[in-house]
Amino acid sequence: MDFFDDGTPGWYALAILLLPLAGFCFNAFTYRTEFTRKRGHIVPLLTIGTALFCALSIFKHSVIDYDADHAGGHGTHAAAAHGAPADGSADEHASGGADGEHGAARAAGSLADPRWRWSSKDHGGSYRLIDTGALRLDAGIAIDHLTATMLVVVTLVAFLVHLYSTSYMHGDKRYSRFFAFLQLFSFSMLGLILTDNLLLLFCFWELVGLCSYFLIGFWFENEDPPKASMKAFMTNRFGDAGFLVGILLVYRMFGTTDLSEIYSKMQAVAEGSAAVPSLFGWETGTLLTVAGLCLFMGPMAKSAQVPMHIWLPDAMAGPTPVSALIHAATMVAAGVYMVGRIYFFFTPDCLAFIAGIGTVTALLAATIGLVHNNIKKVLAYSTCSQLGYMMLSLGVGGYSAGLFHLYTHAFFKACLFLGAGSVIHSVHTEDMREMGGLKEKMPVTYRTMLIATLALAGVPFFSGAFSKEMIVEHALVWGFGANVAKLLPALIAIGGGGLTFFYMMRLINLTFFGQPRDHHKFDHAHESPPAMTIPLLVLAFLSLFSVGWPIPLFGGKKLPELLAPPPALASIALGHDEHHGHAGFALAFAVLVISCAVLWVGYVLYKRTYKERRPGPEVWVARFGGLYTTVTNLYYFDEFYRATVVRLGNATARVLAIVDSKVLDAAVNGVGAVGQLVGKAFALFDRLVVDGLVNLWWHLSHAISKKLRRIQTGNLQDYLAFAVGGMALVTLLFLFLA
């Protein structure tokens, strides 16, 4: 069907994409006006608010109502939309024989059969972006469960960050420019979500990275932001280079970058009814694995996975609203979203690699969060760790768990970052060692951050408990019956919950409890204005209630049911559906017990150090000095890169500079010298020959004219005599010749 037929979802999708772009253009072209300089937030707030309304409408149509039709076995609306019978057989056909709710989920979200879709190739290529004969690039939009939910997450968090920024950035000399960059980022991220084409996704992917560069380095007059923005930009370029190679390999194998076509062709390859063209003599499985690993390099950099995680903590040099929007809920989540979007493409070897990278990231980032003292960087490493959890889940076949944790994490981590911004706005420092005792002075900030912390730690009945329990469950199912190494992700996921609880309660304790450690900052501390506290309250509410409770607004359904994986997408190459266990809250309880034990140890150390004034953590630091030093130095990743990649880059740059100056410049200068010699030769030829001939003719004509001028006497008798003489001469000559 035509995407814009039968209702408004198509127009809603177009509005979601174009409204932030319109807001960016308005601020960019009117930034000199008095209105935009002082009220540069008004138009961006209106555009992103309208986009949020459109996203909620799409979510209702494509998730709530759509599932209601299929769950009831009717299939009327969706089946009619795709020309399928309306007697309930559409479910069976779409699910390949699956029954019940799982079969409905399959029908609802397959990339080959999304809920709504519009593509230029359905219109004879009328809207085609590129058509060179060999390469055809179509523009298209596709909406399924994953798209619809991500639209709500991005627009909601972006709207709250816009509102928060009206107070946080008030008085900044580039106030309107900040909102223009937020709008451009929102446009880029929403375009990345909506597009159905891998190459267009890459274009929006790069635009997201560019906006991140702008926003991290927004305060470029300071020393750190420009360095941090360049570090983020260059690190992501390494990953994106691999991403682009992967796209080229996909195009080489399937002749298209359209995701639905790739999905169908991958299905045909898995069934054995089609083959992949050979390349470099590789077998199909090897080629798919290499392409999948190349594609994963993009998410590995964007979602700050080891060893490309180094840019994210430094990115905290940007304004705090940027940290909440880009580096907690949306940009870094784009990598996880992209893995979920092309999940069908990954082979078992790729998924094992993804699980390994996620496991290492989850553990390593959590240990760094234990010892860091910068409140925003603790949250940054926490983000790295939670993104590792998501990748771990996707790698072990937990598609639904990884993406559900992506949605829950967006709310409580945005709340934590905005709460940290509220604290920084009040005490004007990011060092937790200079805080303390702020609980009574900032009650709203304290309570909202505590709720978000409990959700992040996976405490039962908070949103994070549901998603984390699902991740641990899938990891255990994946590991049981295999070798011992495959149990490591599950064990690290369980232990990581305790580490998360420890470093987050350490953050809460150092910030809000105890005695003030800097009385000057404490005396000036105050609660933030409503424009900053209202987003905190909304996000805290979502951190508490976006869980597995039946919600009347969703027809009595649980949110995890609505966010269940659209198809059984545990990779076509994997050959079976997603793992499903039945551990329930047992795992969540086990994680809670471990977390409480770790928290008790932390409380004892805290009490000894700050209340009883006894040696506390220092004793352990002395005992494990080498390990503590290693962790506080961030495992020497920066030093390693400076000693290898940076040094190699600098050496390469020096060699290229020598080649440029000694070889290329010498060649250019030599060509220039030859050109000068040739020019001089031509100048000499021009002066002696060309100018000489011209001057000779001038002198000859001048001499003749001087002689002839003498016969011009002006007397009629002379002219008559000359005429008679001439006639006589001609007559004699004629007679002589005759």
Side-chain angles (χ1 to χ4, degrees), residues 2-4 9-21 24 51 54-55 58-59 62 109-123 125-131 135-155 158 183-212 240 243-244 246-248 250-251 254 256-266 295 298-299 302 330-331 333-345 403 406 566 569:
D2 192 305
F3 189 79
F4 297 102
W11 294 109
Y12 282 157
L14 194 62
I16 289 173
L17 182 61
L18 296 183
L19 278 170
L21 181 61
F24 164 74
C54 295
I58 288 179
F59 184 80
S62 61
S110 170
L111 275 173
D113 187 24
R115 180 59 189 91
W116 279 287
R117 179 187 174 88
W118 178 90
S119 179
S120 60
K121 62 176 173 287
D122 298 331
H123 297 267
S126 301
Y127 308 96
R128 184 166 287 153
L129 298 180
I130 298 175
D131 189 354
L135 173 63
R136 293 180 179 178
L137 177 61
D138 292 290
I141 293 174
I143 296 178
D144 58 4
H145 281 58
L146 179 57
T147 303
T149 311
M150 278 298 294
L151 288 176
V152 174
V153 171
V154 172
T155 53
Q183 290 278 282
L184 184 61
F185 170 80
S186 301
F187 161 74
S188 308
M189 188 66 200
L190 293 169
L192 186 154
I193 294 170
L194 285 168
T195 183
D196 69 340
N197 190 288
L198 198 57
L199 193 56
L200 275 180
L201 187 149
F202 180 77
C203 295
F204 283 111
W205 183 277
E206 291 300 293
L207 193 54
V208 165
L210 180 64
C211 294
S212 174
D240 294 349
F243 188 10
L244 183 58
I247 293 174
L248 296 176
V250 170
Y251 185 80
F254 300 117
T256 181
T257 57
D258 185 279
L259 286 169
S260 62
E261 293 183 8
I262 297 172
Y263 181 92
S264 300
K265 293 183 178 182
M266 276 291 297
L295 289 172
K302 192 77 75 182
T330 54
M331 173 184 162
V336 179
Y337 168 81
M338 204 277 280
V339 172
R341 172 54 72 210
I342 61 171
Y343 197 64
F344 59 86
F345 190 82
L403 294 178
L406 167 63
L569 264 183

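Given the structure is predicted, the values throughout are model-derived calculations rather than measurements.
- In this view, Phe254 satisfies the ring pair (Phe, Tyr, Trp, His ring centres under 6.0 Å) rule with no residue, not counting sequence neighbours.
- Between the side chain of Thr155 and the backbone N or O of Leu151 there is at least one donor-acceptor pair closer than 3.5 Å.
- When side chains are defined from C-beta on, Val250 does not count as touching Ile247, because their heavy atoms never get closer than 4.5 Å.
- Between Leu259 and Phe344, the shortest heavy-atom distance links the atoms O-CZ, 3.9 Å.
- Remark: the backbone N or O of Ile193 is paired with a side-chain donor or acceptor of Tyr337 at under 3.5 angstrom.
- Between the CD atom in Gln183 and the OG atom in Ser188 there is a gap of 11.0 Å [rounded to 0.5 Å].
- Contact between Thr147 and Ile143 at its shortest, heavy atoms only, is CB-CA, 4.0 Å.
- Looking at Ile58 and Ile16, their side chains come closer than 4.5 Å, going by heavy atoms from C-beta outward.
- The main-chain N or O of Phe243 is never found under 3.5 Å from a side-chain atom of Asp240 such that the two would form a donor-acceptor pair.
- One finds the CG atom of Asn197 at 8.5 Å from the SG atom of Cys203 (value rounded to the nearest 0.5 Å).
- Asp258 has no carboxylate O lying under 4.0 Å from a charged side-chain N of Lys265, or vice versa, which leaves the two without a salt bridge.
- Note that CZ of Phe202 is 9.0 Å distant from CG of Leu248, once rounded to the nearest 0.5 Å.
- For the atom pair CG (Leu199) and CG (Leu244), the distance works out to 8.0 Å, reported to the nearest 0.5 Å.
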**Request:** Quick one: do Leu194 and Phe204 satisfy side-chain contact (heavy atoms from CB on, under 4.5 Å)? Show the steps, please.
**Result:** CA-CA 10 Å; Leu194 285 168; Phe204 283 111; over 6 Å; no
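- Shown here are the side-chain hydrogen bond (donor to acceptor under 3.5 Å, both in side chains) partners of Ser212, two or more places apart in sequence or in another chain: there are none.
- With values rounded to the nearest 0.5 angstrom, Leu403 atom CG is found 9.0 Å from Met150 atom CE.
- Heavy atoms only, all atoms of each residue included: Pro299 and Gly335 are closest at CB-O, 3.4 Å.
- Distance check: Leu295 CG to Leu198 CG gives 6.0 Å after rounding to the nearest 0.5 Å.
- The minimum heavy-atom distance linking Asp196 with Ala142 is given by the pair CB-CB, 3.8 Å.
- The heavy-atom pair separating Leu146 from Gly340 by the smallest distance is CD2-C, 4.1 Å.
- The shortest non-hydrogen separation linking Ala334 to Lys302 is CB-CG, 4.4 Å.
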